[in-house]
Structures are given as C-alpha cells and as structure tokens.
Amino acid sequence: MILRKHSYFRYICILIYSCLMPVLLHSQNVVKQISNADGLSNNSVNCFLEDSEHTLWVGTWDGLNAYNGRSFKTYSYNKKDAGSISNNVIWQIIEQSDSILWVSTDYGVNRWKRSTQQFTPYYLGTQNNPPKQEKSFLLDITSGKHIICYVKEQGLFCFDDRKQEFVSLKNDLPDDIRNFVIDSKDRIFFLTGHGQLLHYQLTVRNSCPELSFKEEIRHCAPVSNIYLSQDCLIINDDRTLTVSQDNRILDSINIPENKTVSQAICHGEYLLISFIEGGCIRYNLENGTSTELLQLPEKASIFTIYIGSQNILWVGTDGQGILEVYEHSSPFHTVKTNYPVRCFCEEDNGNILVGTKGEGILLLDKQERGVNPYLSTGNGLISNSVYTIRKNMSGDIFIGTEGAGINYIPLNGNQVKKLGIPAEFPAFRAVYSILFTHNDSLLWLGTSGYGLIKLSLQREGKSYRVTDMKQYKSPGPSSPSNNIIYSVIAGYDENELWLGTRGGGINKFDIASERFRQMNEIDPGLSLTNNDVIYLTKGDSASIWIGTSYGLNRLFPTATPPSITEYTDNNGLPNNTIHGILKDENGNIWASTNQGISFIDLPSGKITNYSSRNGLQNDEFSDGAIFKDKAGWLYFGGVSGLNYFDENKIRLREHIASLSLNSLKINNTSQNIYERIRNHTLRLDYDEPYITLGFAAHDFINNENCEFSYRIIDFADEWIYNENNPNIVITKLPPGKYKLEVKCTNGDRVWSNEIYSLNLDIAYPWWLSTTAFIIYFILIAIAIYITQSVIKNRIRLNRQILLEHIEKQNQQRIHESKLNFFTNVAHEFFTPLTLIYGPAQHLLEKADLDSYTKRYIYIIKNNADRMQKLINELMEFRKAEAGHTAIYAEKVDIQLLVDYVSDNYTEIAEENKIDFQLQKQRGIILYNRPECTGKNNIQFAFQRLQIYAVRRIYPC
C-alpha cells in the first residue's frame, strides 16, 4: 500500500485561509493553565486518559496524577510500600475496565485496581536488568480487552487474566520495535527502528492470542512515528502526516518546516496536531483547511494532546504543566480598556459613551467589540477621570469629573463646554453623581468632599447659565451626614431626594424645607448592613436599593412600619462590596461586586453569580459603573474594561455534572471507600460518630463553582445547601438507618437532577444491642425471681413471727389464767389456814398443856404457817410477774431452818421406827443474794431431802 501526499500549494492555501479567518472564530477558546501550583506532581506531562468515571489521569516525569476537575491525587514510587507504582516516569495509561488501569513506566508496567487503590508491578524479565532507554515498555489493548505489552529486548507479551501474569506471544518480529498500535479489528501495526511499518493480525483462540503477519506497509519515506485515533492510522515521516482508515488514505498533511510532531489525534472531522517546538493545528479533514490554536502559549513545548469529555482539549507541555482548552460561548460581550471604566451614557443616536478614569470618554463600537477615543482634556474635558455622565430631558449630556466644575455637551453637538458658574459661588470638584429635577431647572451634584451642590439652571440657546447655587456641607444647620456623596436619586415625591454617603449612611432630603433626615430619624429601628453607601437606585413596590461596602439592602420607606431586606454573602452573594445596582426589564436585580456580577431573581430569591470565568472583563467592578440602554441591554464597567449583554440571552451550559464519592474519613482517619461501602451501604459502629464524605462533581470547566446540597432522609428531610464545599461532615447521627442524598451543579451553577444516594446504617451501642437486651432480660428475670423469693420469704417469716406472736399471746393468756386460778385458790386457802393457825396459837399460849400435846400443836401451827407462807409466795410470784415485787438480800440461819424442818418429820420417823438424828454445825449463816434462791426454797430443799431419806428407808 503506497500513501500519497498533497502538494505544497495546498498547504500554502491553507495557511493563507487561516490568516484570513476572523478573530472572533478563536475568541471563544478558553485556555486554563494547571501546574504544580495547583497540585500537579510535575509540570512535564507525557500522557492523559479520562476513565469511565470521568477522572483525568495524567502521567508526568515525576508521578501519576488523578484529577477530578478541582484537585489532584498523586501516586508515586515508595520503596516502603509494596502497593506503590514501580517508577515515577509515566508513558502510557490504558483502561481495561471500570476497575482496572494499566500504566507503563520507565521500569515496569503496573496494574492498578480501583477497589484497593494499589498497584501490582510487572517487570517482564527486566528485574535484574533494568532498561537502558526510555519507553522500553509499550502497552495497548485489543477489542477483547486483552492487554498486549512489548518490552524492548524482551519481546511481546499478553496478560493472562486467569493466571494474573504476562505470557510470551510467539512472533517473528524484529528486535528493534519502536512503537505499536492496535485498532478495533485487532490489527496491530508495528514500527521498527529503521522506519518500517509492519501489519499483523491478532486472533484469539481458546483465550490464547495468536499473532500472524499480513504485510509491510510501504511508505515513500522512513516512518518516524505512528498514532491511532478514532480507528484511523496516522503515519508521521517527519515531512507529512498521512491519515488512513481500512487501507484507505483519507488525507495527507504537510508538516511545517522546523516543526516536530509530538501527537496527532482525530476529533470528528478534524485532525489535531501538536508540536514539540510549541503550537497546535486543527486540520479539517473534509475541506482541507486548518487553523492554529492562537490562545496557546507561543513557546510552550507540547508533549501530548488528548480530547476528553465536554469537548475539552488537554495539552501536556514540557515544563508548563497542563493546558485545558475548550470553547466557551460567553453571553457577556467583553471590551478591554487601558483604564478602569466608571460610567456610561447613551446619545440620542444610540452611541454609547464610556467614561474612564484616566482616558476621558471613549465611544463603544459594538460591531468590532472595541472602543475608540472620543473626548479628553484635549477636546475640552476638565479632567480625563470621568465619574458620571447624565443626559437631561433636552438631550444635553452633563459630565462630572475629578476636576473643578461641570462639562456638558449640547444635543447634536460635538463640542465640550464648561458650565459657567459665577465666581461668588463656592468652588467644587470631584463630581460623582448628577441628577436633574423640576424639568431640568435644578441640577443636583453629589461630590467627594464638597457635600451636595444645588445649581439652578437657565437654558439660553445651546448653553446654560447658573442663576443660583447652594452648597449643603457638613457641619452646618442643614447638612448631610457626610460630605462624600457617591449617589443622588429622586424619591417617590418630586420634592424628595435620597443621598448615599460614604460612612454616613443614607439621607432623605426634603427640597422644600431643606431638611436632611438620617435613617434613625426615619425609623429608630432601622439600620443598614453598613453605613458606607456606594450606590442607590429605585426599585419596584416603592422600594430603594442600597449598595454598601458590606452588603445589599432593600429599603421600604413607605411601608408601615418601614423595613429593610438584607442580602450578603450569607444569602449567596459572592462578595459584600456592592459597586452598582441595575433593575432589568423583568424587575429583577443585577449587582456588580468585587467578585463578579450577581443576578437576584426576586420572586424566588435565588442568586446567580457570574465571574471572569464566565467571560467577564474582571472579577472587580467600579463604583457606579452601570447603565441600561433604550434597547434594554445592560452595561457594567470594571477595572479592566466593560461588559454588556442582553439579559434575555443569558444561557448557561447544560452539561450534567455526574457525582461520585471521592474520599471517606471516619473519626478523621482516611478509609478505603470500596472496603467500607458495600451494596451502597455504609455501616458504622456507634464509636464512629464523625464522618467526612468528599464528593467530586465531574465537570472540568469551572469546577470550583460547582455547588452541593445534601439531605439525610429519616433524620432531616430538608435539603442543606453546602455552597461549593464538596465535603459533607456528618456528626453523631443517632443509631438507626438513614439515606444520604447528594446533588450538585455544574460549573455554571446549573443544578443536576441526578442524585447520589448512600445508605447509612448506624449501629446501636453495645449496651443497646440485641445481645445486651437478652442479657438485660436474663438479669431482670433473675432480679425479679430473687426479689419475688425474698418477698415470699419475708412474707413467710412475717407470718411465722405473727403465728409465734399469737401463740405466745395464747400461752401468755393460758399462763395468766393459771396464775389467776392459783391466785384465786390461794385467796380461798387464807381463811381456813387462818382458822387453823389461830386456834393452834391460842392453844400454845395455854400454860397447862403437856409436852406431847404442845408438840403436835406446834406441828399443826408450823405446817399452817408454812402453808400460809407458800400461799404468800404464790401471791408474791403473781406480783413478781406484774413487776411489783422488790428483790432484796436475806440472812438465813441454817441451823434454825434445819431444826424447824426436822421437827416436822420426827413423828413420822418414830412411827416408822426410824432412828432420825440430825448432826449440824452451829453458827452456819447463809447470806442469800437477790439473784440466788430464797429461804423458802432452801427449806423446801431440806424437806425434799428428808422425805427422800425416809422413803429410801421405809418406802410407802
């Protein structure tokens, strides 16, 4: 197959055509540089790959990088980490599946697994013999997702997924293979070191790849490199690039002299060609025309280019990092100026005058999107620093500048005049605001340092004469709260003005009474977000919009009571310094700030912010530099130029940013997402209360503008606005099951309908687990059993005690009954004993008794006496039971007691013929203690002894 090339004449025509292309064709290209200052590991970039999850992988001379549009994650070689990449010089990146990447380096190829975030290196015979040249490991993938690797000086290999290792492929290839590519039909094109191009066919039989030679592709010159893009084979011979598909030549492009092609890729009908020396060409394969990407740095050496999603061209440079190139159709028309733009005005013919701080007045050319000089000090302006331009009802234009006095331009005139002010009136300068009232007969000027100026004008032909002037300056009897007045507007009453002062808040001025009233005089309960007022304008519903250096305020002065609505960065503004306020045709508000322009949709309250990334001249705008022309177009002036646009043509990108979980921290410790999250469920222990989930919104354009919202269903069903913070922090969720839902915007803050869902399963603490409840149940059952047993035992014991008490009471009653019985009997014995004792005593008192009779009378008397004593003892016992008997010691004469007892038994002994003798020792006296037995008991003991003795001798 012989390839042809086009003539040099065609290339010259292409160059001429590209030079004649309108500049506007390229003005839509945006180039963003990303370098090591943004987290890239090295500024020399060798290769790119955007994987199926829209992560951009960047191979550099010092590490592999994963870029999500906002931040980088770097993978580099670590000797102490077996799962790190084998080498830091990255040459190729290939995606085998959504979970497997292959990376070739200067020393080995690496298989990266997403679930483990680890690399497995393969050295293919070079472990002990590291390659001595760059790009020794070449990778590609077949249509069947087989990984093919050529290792210089080692041969061709195929990765066996079952064995998880590379196996050698039989081949007859020469030893000096420089590069190879595989197309969708598994045709392999090998480039040799001598510039030969060989065509082989790869077939797979029984999972075993086989290589067969087809042909040598002949070319008119030695081939220096080959590329494959969109199944097109691109052949580079250092003079031409030849594009072919299915053995059919599509085109041949001459390479500019002194240029070395670094990469060539197809993109639709275009072929993009980058050069080592710098620059990139976009060649149209259909009509043969080419254009150069002018926005790229001229001297940026390019190593590689890559087309990713969102039609973004990624450019890898040598030393300047990554260049992100994309077409951006901005709704904002931008015109750059050399000096800050401070004001606008529209002439009756439709020309837009642009007042600048330093360049006078410029004339806007909308067709060319530029400005042209119009008026300056050379044409009669007092100063080239123009702060305000205002047209009156007659069409005459008045100009306030930094200089002393006022300029004006008569209608249909091009001559600048200075307003004549009589010398007797005080001088003033630095006019920041102009207002006409009373049919243009009164001219009101807000100045910087000179207070409020009132000029009475009288028109004389095309000129004006000042008939009267009054200056309202603090301090004074009728003066504003501050002499720096940046904004003066008419109120809703023709005799009412509103002034915005720097540091003094707002003042309401009554023209008739010449009285100034401050905010606290209007209503003591009202206050602005800040008293440094920069701009005022009237709104709908009898309201006044007030722009301050700390927030936007909407005052309703006629409401009952008056009220203020505040808008700050807490409500969504990008910045609190409000430079200008415009009301559009729909009644909504546009405000310029130090961080771009904000649009406030009043019905919904939604705030949309635009910055320089959306095509604005700069993020910073100028005080009071706003205007709306007769056609409804809005104008904003800033420090670098101006923007103008039709509000009805504002269109945002409709790119739907997908959302993925990028990182997970639990208790501030990084976790492996794929290990912790299974089946879209994150299970957490009770001692894991602090969770940080990092999300990535997959939009490579203005990713820092992407905003996030989330909610936790079954805990807080309302959406929580997280601004542009991709990290969601969840703290101390109660145990239970929840569902986390997250959504995001794209870089233009357009919300996506796609919602990322994650189930959260928060475990109960061990003391609330099922096992714990079982233990609690067992313990409670045991406690109940023990308590019940104790209660039963107590009841039984109490019942026993009660029974014993009752028994004791019964015994006591029986005892009492017995005692009462014996006591009663004893009382009954007293009378007969007395009758016995009395006569016996009477008989003993007679002197004529013989001894025998007297002896027996004594016996009768003694036994009666003893009987009476026993009865007395029984009575005393009763008293002792009742506690009425005193216990005392008693002296007992044992001899007398024994004689007394023995006399009672002498007769019995004689009758029974018993020799009864009593031997005793005289003088024995016993002192009976209270705790010992009584005298009667001792007597009873002697009696029992004598009776026992008698019975032993003569039993009854």
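Heavy-atom basis, side chains included; hydrogens, waters and symmetry copies ignored. Nothing here was measured: the structure is a model prediction, and the numbers come from that model.
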task = Not counting sequence neighbours, which residues clear side chain to side chain contact (heavy atoms under 4.5 Å, CB included) with N78? List them please.
result =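 In terms of side chain to side chain contact (heavy atoms under 4.5 Å, CB included), with neighbours along the sequence ignored, N78 is linked to K80, D81, S84.
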
ask   = Is any side-chain heavy atom of L313 closer than 4.5 Å to a side-chain heavy atom of Y306?
value =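 They are not in side-chain contact.
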
key: N668 side chain reached by T692 side chain, heavy atoms, under 4.5 Å   =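 Not touching, per the 4.5 Å side-chain cut-off.
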
Can a salt bridge be assigned to the pair [X] and [Y] using a cut-off of 4.0 Å between side-chain N and carboxylate O?
X	Y	answer
K299	E277	no
D175	K152	no
R178	E134	no

query = More than 12 non-hydrogen atoms from neighbouring residues, nucleotides or ligands closer than 6.0 Å to CG on N258, yes or no?
reply =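 No, not enclosed.
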
key: Derivation and outcome, side-chain hydrogen bond (donor to acceptor under 3.5 Å, both in side chains), residues S184 and S143   = CA-CA 5 Å; S184 62; S143 60; over 6 Å; no

Looking at [X] and [Y], what are the two nearest heavy atoms and their distance?
X	Y	answer
L241	A264	CD1-CB, 4.1 Å
K73	Q117	NZ-OE1, 3.1 Å
T240	S252	CB-OG, 4.0 Å
L49	I94	CD2-C, 4.0 Å
I182	L228	O-CD2, 2.8 Å
K665	S670	CE-OG, 3.7 Å

query = What residue among N88, N46, N42, D318 forms side-chain hydrogen bond (donor to acceptor under 3.5 Å, both in side chains) with W61?
reply =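 The single option meeting the side-chain hydrogen bond (donor to acceptor under 3.5 Å, both in side chains) with W61 is N46.
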
message = W102 and side-chain hydrogen bond (donor to acceptor under 3.5 Å, both in side chains): which single residue from Q96, Q92, E95 fits?
response =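 For W102, the side-chain hydrogen bond (donor to acceptor under 3.5 Å, both in side chains) test succeeds with only one of Q96, Q92, E95, which is Q96.
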
To the nearest 0.5 Å, tell me how far [X] [atom1] sits from [Y] [atom2].
X	Y	atom1	atom2	result
R683	I677	CZ	CD1	11.5 Å
S752	L659	OG	CG	8.0 Å
L250	E269	CG	CD	13.0 Å
L684	T681	CG	OG1	11.0 Å
D176	T192	CG	OG1	5.0 Å
T126	Q154	OG1	CD	6.5 Å

query = Of I253, L233, I235, which is the lone residue that meets side chain to side chain contact (heavy atoms under 4.5 Å, CB included) with V243?
reply =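 Among the candidates, only I253 passes.
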
query = So among V31, T304, I302, which one has a side chain to side chain contact (heavy atoms under 4.5 Å, CB included) with V315?
reply =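 Going through V31, T304, I302 one by one, the side chain to side chain contact (heavy atoms under 4.5 Å, CB included) with V315 is satisfied by I302 alone.
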
Applying ring pair (Phe, Tyr, Trp, His ring centres under 6.0 Å), can you list everything that pairs with [X], at least two apart in sequence or on another chain?
X	answer
F695	Y756
F137	none
Y123	Y107
W57	Y75, W112

ask   = Is the backbone N or O of G39 less than 3.5 Å from a side-chain atom of N36, with the two atoms forming a donor-acceptor pair by type?
value =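 It does not hold such a pair.
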
ask   = Short question: side chain of N703, backbone of F700 - any donor-acceptor pair under 3.5 Å?
value =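 Absent.
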
Output all residues satisfying side chain to side chain donor-acceptor pair (under 3.5 Å) with [X], sequence neighbours left out; order by chain, then residue number.
X	value
D98	none
R205	T203, E210
N110	S86

request  = Mind checking salt bridge (charged side-chain N to carboxylate O under 4.0 Å, His left out) for D246 and listing every partner two or more places apart, or none if nothing turns up?
outcome  =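 Scan of D246 (salt bridge (charged side-chain N to carboxylate O under 4.0 Å, His left out), adjacent residues dropped) gives K185, R187.
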
Summary of ring-ring contact (aromatic ring centres under 6.0 Å, His included) pairs that have at least one residue in residues 167-199, sequence neighbours excluded =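 Qualifying pairs, neighbours excluded: F180-F190, F189-H199, F190-Y200.
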
Pairs touching residues 243-278 that satisfy ring-ring contact (aromatic ring centres under 6.0 Å, His included), sequence neighbours left out =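 Residue pairs with at least one partner in residues 243-278: there are none.
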
request  = Kindly determine whether E327 and N311 satisfy side-chain hydrogen bond (donor to acceptor under 3.5 Å, both in side chains), including the steps that lead there.
outcome  = CA-CA 8 Å; E327 291 186 358; N311 201 30; 5.0 Å; no

task = Evaluate side-chain hydrogen bond (donor to acceptor under 3.5 Å, both in side chains) for N68 paired with T55, printing each intermediate quantity in order.
result = CA-CA 5 Å; N68 60 19; T55 297; over 6 Å; no

Distance-only donor-acceptor pairs under 3.5 Å for side chains of residues 156-164, two or more places apart:
from: D160; atom 1: OD1; to: R162; atom 2: N; distance (Å): 2.9
from: D160; atom 1: OD1; to: K163; atom 2: N; distance (Å): 3.3
from: Q164; atom 1: OE1; to: R111; atom 2: NH1; distance (Å): 3.2
from: Q164; atom 1: NE2; to: D161; atom 2: O; distance (Å): 2.6

task = Show your working on side-chain hydrogen bond (donor to acceptor under 3.5 Å, both in side chains) between S262 and S274 and close with a plain yes or no.
result = CA-CA 6 Å; S262 60; S274 62; 2.7 Å; yes

